[in-house]
Structures are given as structure tokens and as C-alpha cells.
Number of protein chains: 2
Amino acid sequence: MKLPGKTVERLSEYRRTLLECLNEKRNFIFSHDLAARLHITAVQVRRDLMLIGYSSVLRKGYDVRELIDTIGKIIDSELSMNVAVIGIGNLGRAVSGYFRGKRSKLNLVASFDNDPQKVNKVISGVKCYPYADFEKLIHELDIKIAILTVPPEFAREIAEEIVRFGIKGILNFTTISLNVPSGVYLEEYDMITSIEKVAYFVKENKL
Amino acid sequence: MKLPGKTVERLSEYRRTLLECLNEKRNFIFSHDLAARLHITAVQVRRDLMLIGYSSVLRKGYDVRELIDTIGKIIDSELSMNVAVIGIGNLGRAVSGYFRGKRSKLNLVASFDNDPQKVNKVISGVKCYPYADFEKLIHELDIKIAILTVPPEFAREIAEEIVRFGIKGILNFTTISLNVPSGVYLEEYDMITSIEKVAYFVKENKL
DNA sequence: AAGTGACTGTGAAAAAAGTAACAATAAATC
DNA sequence: GATTTATTGTTACTTTTTTCACAGTCACTT
């Protein structure tokens, strides 16, 4: 099954919302309800769920727990996948923190930095190793995905290196845009872009 | 002129890349060159620039400096727009830091928190005020946009409140999805979604 | 000065994403 | 148990976004 990238993103968001529902002790949810929480349409929800072949059993809506599992079967690996954060500045620590109440099979198993003040300590819930040990640890810990939160001037160099070491997916949070060979999946996010987008639409609204 | 959201995002990215070019002392760039740096196609670049009515003058490609300015005219406010970060934990500090080498008319003028340890200090380049003063300062400092980096349990409440106080755009980095009345522009970003997307495509690649 | 090559700008076509419309079905109400 | 109401799954349609394809332009070469 080949899912559109947009659907994959939404599935992740559905799961996040469904987990919130569980906290609220809601065990069933209607498509329009789920949709409203995510500011999308009910049709879109139903269509995405159609694509993954999930259907509601009762007329009470979707079974929250069941749907969480179904989504998990699609977007999680069968085996869990190990992740490392590279660069444990503010952003790196923030990202690490997000893994705390984690909701998927993704495990943050290590972080890396060069600062002697940080190295060999547990920071935001993960042990921070010296970056020099990356090559060794990528195998020992079976790390597949790296989240790059290093200063921009190091981004290119490090990206090249970790790909050589065998990283298969990179989430790049630096302001530098990277190049990776095919076979490696790269996702980039630049928060300034989001901020500028908000500013643009705020501005337009006034006109 | 009503630009597609996607184009607005890319314009911001073009500018980022063009500024990198300036650093490298490149004064002209071809569409395919710009495209390659952003992993998109040359046609897409040309089409976006067509939409904003910019054309290359020489056969040397686009004038980097001029294009930066042109993009600025479109996506920046004529007047600069003031921004505040709410919640100055790791993520808040990271976001604040991004404004340092700022490339647009967006000014980060304040941050807010409740922690007495943080309040009234300059953190990551901005003064941190007590959140209690938000209503007063939003007018004094003419804040239009808020970046939400508070713990999830406060997100909804604070969002409602700041909208009541007159905020016109919110960039929500919390894991909670918000609701805002029309007239307020909301952009949400959940990094876990990005991470899960990377994991999904890494997994699929193997099959 | 005609030919070639390198790029651009853009109309037309294709693909992707999103929406509307509705038959089908279960539950609730009378 | 018939009628109404609520909600889903899905097909067909619409809109948005991306790509194709190619004519047009300049600069360089011969």
C-alpha cells in the first residue's frame, strides 16, 4: 500500500488526537468530531481511513483504541525504530523532551554533542554521547533516523557523514537545506518559514 | 494578489537560500540552481516567480539581491510586524534564537513566562516578561503574532486568552491542536508528525 | 549574420488533494 | 415496526498544485 505523504502526516495527527480522547475517557469518536479537532473536514477523515481500510463497527463512531492500533500498524515499523538527536542545544533538548510521553514505536536512544559540559550526561531524558562516537554507536544502538539540531555551519558536513555511516532518514531542523543521496529520506523544517507564513496571512487579512 | 499558501512557504524558502547565495558572493542564480538547493523543480521556481511577477533581467539568471527585495515586498509587511514568544522553555529559547540573524521584517519584541527565574531577564536575545503583563504589553509593544511554546496543558487556555487580547496570528508549537475564531490565522506544527513521517518512508523504502 | 546553446516564461495537460453528494445502514423515537 | 435522524463509505466532481512542452530571447560561436 502506497499512502500519499499528506495522508501519512494526517494519520500521525489523528493518532495524537485519539490519544487525547483516551485521556478524556472517550472511547468512540465521529469523523466530524475528529475532523473539527484538527481543522479539517469530516470527509477527509473518512477518506483517509478508507485508504487504510479501517471502518467503524458501531454507529457510535470509530473505536478510539482500535483506530490507534490500526494507525500504528500502518505508520510504525513492525520493529521499533531507533532515533538519535544530534546537537543538544535548546532545540535538541526540546525535541528530546517530546519523546517523553511518546506515542509510537520510535525510540530516542541517544543524543550527540561535542560540548564536554553536556557529554556523558542524561539530558532531557536521553544520554548524550560525544559526537566522535557516533559511528560506533549507530551500529551498537541500531540507530536508523537522525534529527539534526546542530548549528547551521555544521549541518552539511554532519549530514554527509552520518549518511556515510548508514543513517536512513534525516529530519533537518537547521536553517540550511541539505542534499542526500537517494535511498535516504530527508524531511526539512524551517520554523522561520512558518512564522513568515503566519505574518503574510495576518497582513493579507487586514487588507 | 492572492498567493497560494504553498507558494508563500516557498518564497520564504527562496529568500533563505538566496541569502545563503549572497554569503557565497553569488549575485545571480538560475532557476534550476535555486531549485536544486531546495529539492524542487526549476519549473516550480519559475512559476512561483511568475506569480509574483518577477523576471530575470540578464541571461545570467535571477539577480539575487533584487529577488530578495521583491520577495520581501510580497511577504513582509510594509511596516514591520512584532512577534512574541510565549513560554520560554527549551523550545521557546530555540525559537527566540532563530530571530538573531533575522532576515525579515519580523521583530521578536518580547517573550513571556511565569517562572520567576526567567522573568525580567534577557533570554536568547529577548526580554522575558511575566505572562500576567501580556495584555498590557500587547498594546504597548504592538504585538500582532504570538508563538506558542508553552506546556501542552496550558495551550488552550492561553490561546483563547491572547486572541481575546487581540493577537491576530498564532504559530502553535505545542502538541495540542487549537481552535481560533475566524479573523485569526493559526498555523500548527507538531514535530512528532515530521518524525513519524520520516520513519514511515524509511520503513517503506526497505520493502 | 546565421547557427547553436542555455535559460526563461507560460499555456495546456496531468496529477494530487480535497469536497460534495448520496445511497446504505444502524440507532433512536414515535 | 415504521419513521426519522445520524453517520458512514464511496463515487464522481472540483480545485489546487505540479509538470510538460515549447516558443522566445539573449549571448556566444563560427
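Every chain is numbered from 1 and lettered A, B, ... according to where its sequence line falls, protein lines coming before strand lines.
One interatomic measurement links the two molecules: OH of A:Tyr62 to P of C:dA26, which rounds to 15 Å at whole-angstrom precision. Distance CG (B:Leu49) to P (C:dG9): 8 Å, rounded to an integer number of Å. Here the C1' atom of nucleotide D:dT18 and the CG atom of B:Leu51 are 12 Å apart, to the nearest Å. Atom CZ of A:Arg10 is separated from atom C1' of C:dA16 by 11 Å (rounded to the nearest Å). Atom CG of B:Leu34 is separated from atom C1' of C:dC7 by 14 Å (rounded to the nearest Å). For B:Tyr54 and C:dT8, the OH to P distance is 11 Å, given to the nearest whole Å. The NE2 atom of B:His32 sits 17 Å away from the P atom of D:dC20 (whole-angstrom rounding). When the C1' atom of C:dA28 is taken as reference, atom CZ of A:Phe30 falls 12 Å away, rounded to whole Å.
Candidate nucleotides D:dT17, C:dT8, C:dA17 were compared by shortest atom distance to the side chain of B:Pro4, and D:dT17 ranks first. Residue A:Ser56 places its side chain closer to D:dG9 than to any other of C:dG9, D:dG9, C:dG18.
For the atom pair A:Leu49 CG and A:Thr70 OG1, the distance stands at 9.0 Å (nearest 0.5 Å). A distance of 11.5 Å separates CD1 in A:Ile74 from CG in A:Asp48, rounded to the nearest 0.5 Å.
Here the rule is side chain to side chain donor-acceptor pair (under 3.5 Å) with A:Glu188, and of A:Thr174, A:Thr175, A:Asn172, A:Thr193 only A:Asn172 fits it.
Aromatic ring orientation, B:Phe112 versus B:Tyr131: perpendicular (interplanar angle above 60°, classes split at 30° and 60°).
Taking every heavy atom of both residues into account, B:Val184 and B:Ile167 meet most closely at CG2-O, 3.8 Å. Scanning all heavy atoms of the two residues, the minimum distance from B:Phe201 to A:Gly5 falls at CZ-CA, 4.0 Å. Taking both residues in full, the closest heavy atoms of A:Arg26 and A:Val64 are given as O-CG2, 3.7 Å, listed atom of the first, atom of the second, then distance.
Between A:Ser55 and D:dT8 there is no side-chain N or O to OP1 or OP2 distance below 4.0 Å. For D:dT7, the OP1/OP2 oxygens have no side-chain nitrogen or oxygen of A:Ser31 closer than 4.0 Å.
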Can you tabulate the close N/O pairs, meaning under 3.5 Å, that link protein atoms to atoms of nucleotides 19-22 of chain C?
from, atom 1, to, atom 2, distance (Å)
C:dT19, OP2, A:Thr41, OG1, 3.3
C:dT19, O4, A:Arg47, NE, 3.3

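Counting any heavy atom pair closer than 4.0 Å across all strands shown, A:Thr7 reaches no nucleic acid atom.
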